[in-house]
Amino acid sequence: GREAHAERLVGGLLGDKEGGRCFHLTRLRNKKYGGKWRTVREALLPGYVFVVTDEPEQLYRELKKKAPGCGLLDDGGGSAATLGDGEADFMEKISGGGSKAGEIPLSLVEVGEDGKAAVLSGPLLSAGGRVRKIDLHRRTAEGAAELMGPKTVVYLGVEFKDGERRRRC
């Protein structure tokens with residue numbers, strides 16, 4: 001819940017360096033409240049803050065030196081790690097690259113006559129084979145990502161083309 005604080009702190013250390021930016025991933029998702037579907041914004045990976053920089057080792061040293069007691073690196077076994085090329089590519093694809101930094105939009109899906117969902121647009125389209133299942137009832141898609149070690153399950157939001165799900169519910 002302190003991702004915004006960490007972004008400000010790391011952003012101050014990055015300064016105006018070319019290509020350097022700090023963000024946490026949020027997803028848009030549909031949830032039903034009081035019988036109505038509403039779009040809400042949630043943290044995709046709570047506790048994780050991502051930094052794009054050409055000098056990760058230097059940034060890590062500066063964080064250790066300038067913010068030792070802030071709980072960014074050493075609180076509860078937390079640490080800083082560099083994402084592999086595949087992991088970074090996946091994050092870039094689902095967050096839309098040039099869109100609002102760190103915000104993952106809803107994916108548009110269409111349900112065929114056979115009951116299978118086909119992705120029409122959004123981050124699921126570029127995620128490709130990483131999507132394991134689409135839950136039409138909860139309006140989420142389950143994806144697999146290997147983030148800094150073991151596989152992590154991430155849930156992304158979906159919306160239906162032209163309100164077609166309403167007639168089926």
Side-chain angles (χ1 to χ4, degrees), residues 1-31 38-108 119 121-135 138-159:
R2 298 181 56 207
E3 293 89 356
H5 170 71
E7 282 181 41
R8 286 191 299 276
L9 182 65
V10 174
L13 293 175
L14 284 173
D16 295 330
K17 293 181 182 174
E18 183 72 25
R21 62 187 173 104
C22 180
F23 59 94
H24 68 281
L25 292 173
T26 59
R27 65 177 171 203
L28 294 180
R29 172 176 177 207
N30 287 322
K31 279 191 162 185
R38 296 175 178 38
T39 302
V40 296
R41 183 175 284 115
E42 301 174 333
L44 180 68
L45 299 166
Y48 284 87
V49 176
F50 296 90
V51 180
V52 178
T53 180
D54 293 332
E55 304 165 342
E57 296 85 16
Q58 180 181 349
L59 178 64
Y60 181 75
R61 284 192 303 272
E62 285 183 46
L63 276 172
K64 290 290 278 183
K65 182 171 47 174
K66 294 184 179 177
C70 69
L72 280 180
L73 301 175
D74 296 324
D75 188 22
S79 65
T82 304
L83 291 178
D85 289 339
E87 297 166 330
D89 185 47
F90 175 68
M91 289 298 170
E92 193 72 23
K93 283 180 180 177
I94 66 169
S95 65
S99 69
K100 187 175 176 182
E103 185 172 278
I104 302 169
L106 296 169
S107 292
L108 184 64
V119 179
S121 67
L124 293 180
L125 195 60
S126 59
R130 293 183 187 247
V131 177
R132 298 191 323 195
K133 142 181 154 176
I134 296 177
D135 185 337
R138 289 193 176 105
R139 298 186 183 192
T140 59
E142 186 176 297
E146 293 179 28
L147 298 174
M148 298 165 280
K151 284 198 177 193
T152 304
V153 177
V154 293
Y155 295 94
L156 303 176
V158 298
E159 65 181 336

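For the single chain, residues carry numbers from 1 onward in sequence order. Keep in mind it's a predicted model, so treat the numbers as computed, not measured.
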Practice task
Kindly compute the distance separating CZ (Arg29) from CD (Glu159), expressed to the nearest 0.5 Å.
Solution key: 14.0 Å

Practice task
Scan Leu44, Ile104, Thr140 and name whichever one has a side chain to side chain contact (heavy atoms under 4.5 Å, CB included) with Val154.
Solution key: Leu44

Exercise for the section: Considering non-hydrogen atoms only, spot the tightest contact between Val131 and Leu124 and give its length. Expected result: CG2-CD2, 3.7 Å

Handout entry: Evaluation steps, side-chain contact (heavy atoms from CB on, under 4.5 Å), between Leu45 and Phe50
Key = CA-CA 10 Å; Leu45 299 166; Phe50 296 90; 3.9 Å; yes

Exercise for the section: Go through Glu142 and Asp135 one step at a time and tell me if the side-chain contact (heavy atoms from CB on, under 4.5 Å) criterion holds. Expected result: CA-CA 8 Å; Glu142 186 176 297; Asp135 185 337; over 6 Å; no

Handout entry: Between CZ on residue Arg138 and NZ on residue Lys31, distance to nearest 0.5 Å
Key = 11.0 Å

Exercise for the section: Say whether, by atom type as modelled, one donor and one acceptor occur between the side chain of Arg27 and the main chain of Tyr155 under 3.5 angstrom. Expected result: yes

Exercise for the section: Measure the OG1-CG distance between Thr39 and Leu106 for me, rounded to the nearest 0.5 Å. Expected result: 5.5 Å

Handout entry: Distance (rounded to the nearest 0.5 Å) between Leu28 CG and Glu42 CD
Key = 9.5 Å

